[in-house]
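Step one of this worksheet: look at the structure below.
Remember, it's a predicted structure, so these values are computed and weren't measured experimentally.
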2 protein chains.
Amino acid sequence: MMHCASIVSAPSYAFPFLSGSASTTPTAISLTKRSWKPPPSMAKGPVRATVSIEKETPEANRPETFLRGVDEAQSSTSVRARFEKMIREAQDTVCSALEAADGGAQFKEDVWSRPGGGGGISRVLQDGAVWEKAGVNVSVVYGVMPPDAYRAAKGVPTDQKPGPVPFFAAGISSVLHPKNPFAPTLHFNYRYFETDAPKDAPGAPRQWWFGGGTDLTPAYIFEEDVKHFHSIQKQACDKFEPTFYPRFKKWCDDYFYIKHRGERRGLGGIFFDDLNDYDQEMLLSFATECANSVIPAYLPIIEKRKDLPFNDHQKAWQQLRRGRYVEFNLVYDRGTTFGLKTGGRIESILVSLPLTARWEYDHVRFWNLLYFKQVRC
Amino acid sequence: MMHCASIVSAPSYAFPFLSGSASTTPTAISLTKRSWKPPPSMAKGPVRATVSIEKETPEANRPETFLRGVDEAQSSTSVRARFEKMIREAQDTVCSALEAADGGAQFKEDVWSRPGGGGGISRVLQDGAVWEKAGVNVSVVYGVMPPDAYRAAKGVPTDQKPGPVPFFAAGISSVLHPKNPFAPTLHFNYRYFETDAPKDAPGAPRQWWFGGGTDLTPAYIFEEDVKHFHSIQKQACDKFEPTFYPRFKKWCDDYFYIKHRGERRGLGGIFFDDLNDYDQEMLLSFATECANSVIPAYLPIIEKRKDLPFNDHQKAWQQLRRGRYVEFNLVYDRGTTFGLKTGGRIESILVSLPLTARWEYDHVRFWNLLYFKQVRC
């Protein structure tokens, strides 16, 4: 698909058909869809959805902006432009801080764009000293939402049937999986959406909304860590609206819930979506404040836990917790399901998955015996 | 939830709050939903769906049948009863053969039932000499399908809105993940469905259909293995209808397709669903023949590959392929999504997930360079 030049740097295990240790030399299996034709049952939503966003193309350099010309013209004033500027600055700040904390590993960058406008910068740090896998991505997307993706993004009840909706979306999204089982996983994501009038209702008003959140998923609780993390979230919220923290904390607890397990994904933080019932400028400042709070909320915890000694059992427990993370992200996470349905850049969307995960049959019988301590600020 | 007595056999890592190697003793995180209340957006389909099947309760012994009394009465004649008998015999045969091939490890059995009728037998072999994780489950379910689960089971287009539908489902389902990267993963599943008249259309006719398939997912291709596997599938099909093998082979290729990757899950086999356009007796015999073909199709391959030497790179490649398996099962597999939505026994549903899996950022760039050899019988 991309970077074919980098074949020269491909590790040998990328070419299983070269492996010689088998008594018969195996050939590699097909992973291309060249010969594949969708059956009637697949010719519905998902397939249509995947063509609603153009295929991305790699870029050698970072452009000044990913906005289309018409948006770029008002780049100093429009919320679209100012949000893109904010998330790109946040990406730089977060990545620099993580590299410094990791003390050696560097983020690998992929820049991509789409012919009709939009693009993104994916940065991934893999197999570092502190982080097993850390992704910090920004993207700007111009697309047309199929009804099901529109529901996925807006949480509209499934009995509503909007027509295809042109949309603009810009966001920063990050998941950080440390190696040490006592060091928690962090997720944060801040995004801004605008939809044009639905194609079948040209008179309808353009909509905009903000979404996002920052949440912590440890395998082990250190109360002081959780208190610190939540207190920073509360500080950020309280600068804008006293109801934000309690409301967005509960929203986070409710959202990051693995329904089929009856388990929460982690220990929460803040989460909000479809937020448009406040002044747009205020919400832009709020999202900015939240993004700027990620490092002070997370790095002090990492510094304390990254070097704790651990044993194989504690690592295995972390791996089981990572399995739950995978279950939530692939089955429930709106951003992931939205991305998969709209044909977004898969490697960027699924960078949220841990490097490794584990599923043991019926471990739940012990899991459910674990007790809980609610942490309040 | 169940087997609290078995806490005495819990491995130490099941109790992270007992771990002493951390400088501060951490407490375990909440994994219970006791204090959780669903937000308005969750009070829809999924939550209603989870109550459409009763919670299962563990049983000490295997009952003669899981059928309700009314069905049991005609147990010698009804298709429901004869299908249950067939899948339970298949479970015994397959598990015995796998234990013999593994040469040491034994299947652990969990029997469960539901107060209103139905139940199942889950058998899992974990960390054997040959298989990393092998699950062979049978279940009999009396439930009420919510519209979305009904769509998941029948593949009805999402624009249809049937009301809640009482249903009967019986099936055998199995996924076998070997340790050796040259030994392929096998999946097979044979099921029989009956729906009563939809609650909102009492006059509507009762429906029945068969579904199932057997498919192979290697990390490396040995042509002779794939040919052998497909030839056994073809033999089973050809005994009933010459169009079955080509039709069900294509259906399998189309079904086990990871849309967001543009990749097939594996190298196919046979797959069919919603099959009711043939004589019911013929289809019952066909499903029986397919179930009886699993061992002759799979075990000769395992015998040839289970002891091949392999290196770390080949193991890592297998782990990446397992990650794709997880993606397909959690995002697309009908049986899995149906089970998650209807509140089935989660540990039985997700036993299909491998013991361990791996996701490396952008490995796809190498992945897509792998070439393909179509194998025909």
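- Taking chain A as the reference chain and counting heavy-atom pairs below 4.5 Å, the highest number among B/Thr356, B/Leu355, B/Val124 is found for B/Leu355.
- The cationic atom of B/Arg265 (NZ for Lys, CZ for Arg) does not lie both less than 6.0 Å from the six-membered ring centre of B/Tyr257 and within 45° of the ring axis.
- When heavy atoms are compared at a cutoff of 4.5 Å, B/Gln319 does not approach chain A at all.
- Using a 4.5 Å cut-off between heavy atoms, B/Leu350 contacts chain A through its side chain alone, with no backbone atom that close.
- In this structure, B/Arg264 is not positioned above the aromatic face of B/Phe256 in the sense of NZ or CZ being under 6.0 Å from the six-membered ring centre and within 45° of the axis.
- For the options A/Leu330, A/Val351, A/Val331, heavy-atom pairs under 4.5 Å to chain B are most numerous at A/Leu330.
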### Task
Test salt bridge (charged side-chain N to carboxylate O under 4.0 Å, His left out) on A/Arg322 and A/Glu132 and set out the steps.
CA-CA 12 Å; A/Arg322 296 257 159 104; A/Glu132 188 171 85; 3.0 Å; yes
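- With B/Tyr255 as the fixed residue, the ring-ring contact (aromatic ring centres under 6.0 Å, His included) test singles out one of B/Phe328, B/Phe272, B/Phe248: B/Phe328.
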